[in-house]
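The model shown is predicted, which means the values in this text are computed figures rather than measured ones. Numbers here simply count residues along the sequence, with the first being 1.
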Amino acid sequence: MLTIKDLKVGVDGREILRGVNLEIGDGETHLLMGRNGNGKSTLLNTIVKYPKYEVLGGEILFDCESLSKMSVSQIARKGIFLSFQNAPAISGLSVSTLLKNSVNSIREARGEKPLTAPEYFKLAGEYCKLLEIPSDWLKRQVNVGFSGGEKKRLSMLEMLFLQPKLALLDEPDSGVDFVGVGIIARAIRALQEKGTSFLIVSHSRDIEDIVHFDKAHFIKDGVIEEGLNSIDAIRNYMQEND
């Protein structure tokens, strides 16, 4: 599904990724670990073409297609979703409007009909129940006045609506208590069961204990280290090199 070959990326004239190689298959869930400043968020943001990041070399393929000449919206319509580490607030835009417009844009790209009002409200009810989200959140402005944990849960709501082929989650458990991590894990497992692939950045043992990961990777100085492909091996390496 996702193939990254010798990817080099710079930010403000400084090279951050120095030759990343990674492959994620259909339905696989991968964990990406590493100390701060080594390129984890850079990798996720580069995949979705965040304009701050400049590709200096290498390539990213999704379903055998290069993402190099695609726009951000085209990449989203291909089925790639990114949950930000700290999602921005959008004043004047309600959560409900964001969800309806986003999901119907994706459905149009798939050749599907837009959701009817009853279909939308049925899904909203199911997903809000799964994530323990009050229904009045749908009327609120996107992330305005939301706590860090609430922002993460709202991002999971959007992910469930979009049903992506590949979900990139940047520290979905950061700033979230144990109960909240369990709720986020529900959303991940719900899509794992439907075949969604995941690349998840995390430092937390909580999510590692309740989400199944097929592979783990450790990134250091902008390169994914070979031979460190299990959570235990990475934890031991980090302890030995503190």
More than 12 heavy atoms of other groups within 6.0 Å of [X] [atom1]:
X	atom1	value
Asp136	CG	yes
Glu108	CD	no
Lys8	NZ	yes

Main-chain N/O of [Y] paired with [X] side-chain donor or acceptor, under 3.5 Å:
X	Y	value
Glu158	Ser102	no
Arg153	Ile133	no
Lys152	Val181	no
Asn21	Ile224	no
Ser66	Leu61	no
Asn38	Gly222	no
Gln163	Leu160	yes
Ser155	Lys151	no
Gln141	Gly92	yes
Lys40	Ile200	no

With side chains defined as the heavy atoms from C-beta onward, is the minimum distance between [X] and [Y] less than 4.5 Å?
X	Y	value
Ile47	Ile75	no
Glu225	Ile234	no
Phe218	Arg235	no

- Message: Under 6.0 Å between ring centres: does that hold for Phe198 and Phe213?
- Response: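 Here the rings of Phe213 and Phe198 have centres that are no less than 6.0 Å from each other.
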Closest approach of [X] and [Y], non-hydrogen atoms and distance?
X	Y	answer
Gly79	Pro164	O-CB, 3.4 Å
Pro172	Val201	CD-O, 3.4 Å
Asp214	Glu28	OD2-CA, 3.3 Å
Leu138	Ala124	CD1-CB, 4.0 Å
Asp173	Ser202	OD2-OG, 2.7 Å
Ala87	Asn143	CB-ND2, 3.5 Å

Are [Y] and [X] connected in a single hydrophobic cluster, I mean Ile/Leu/Val/Met/Phe/Trp/Tyr linked by side-chain heavy atoms less than 4.5 Å apart?
X	Y	result
Val48	Ile24	yes
Leu166	Met159	no
Ile184	Ile210	yes
Ile207	Leu191	yes
Leu98	Phe84	no

Donor-acceptor pairs under 3.5 Å, side chain of residues 49-57 to any protein atom, not counting sequence neighbours: which ones?
unit_1, atom_1, unit_2, atom_2, d
Lys49, NZ, Leu67, O, 3.3
Lys49, NZ, Ser68, O, 3.0
Lys49, NZ, Met70, O, 2.6

Euclidean distance, [Y] [atom2] relative to [X] [atom1], rounded to 0.5 Å:
X	Y	atom1	atom2	result
Leu154	Ser147	CG	OG	10.5 Å
Leu22	Ile219	CG	CD1	9.0 Å
Leu162	Leu99	CG	CG	8.0 Å
Ile4	Leu199	CD1	CG	7.0 Å
Glu150	Arg140	CD	CZ	5.5 Å
Leu169	Leu31	CG	CG	11.0 Å

- Sole candidate of Lys100, Lys122, Arg107 that passes side-chain contact (heavy atoms from CB on, under 4.5 Å) when paired with Leu115: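 Going through Lys100, Lys122, Arg107 one by one, the side-chain contact (heavy atoms from CB on, under 4.5 Å) with Leu115 is satisfied by Arg107 alone.
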- Ring geometry between His30 and His217 (parallel below 30°, tilted from 30 to 60°, perpendicular above 60°):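 His217 and His30: parallel rings.
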- Query: Is there a salt bridge (Lys or Arg N to Asp or Glu O under 4.0 Å) between Arg189 and Glu193 once you walk through the steps?
  - Reply: CA-CA 6 Å; Arg189 291 195 298 265; Glu193 292 174 0; over 6 Å; no
- Message: I'd like to know if the side chain of Ser73 pairs up with that of Ser71 as donor and acceptor (distance under 3.5 Å, no hydrogens or angles considered).
- Response: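 Yes, side-chain donor-acceptor contact under 3.5 Å.
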- Task: Determine, stepwise, if the pair Glu119 / Lys113 fulfils salt bridge (Lys or Arg N to Asp or Glu O under 4.0 Å).
- Result: CA-CA 11 Å; Glu119 288 171 335; Lys113 294 181 180 180; over 6 Å; no
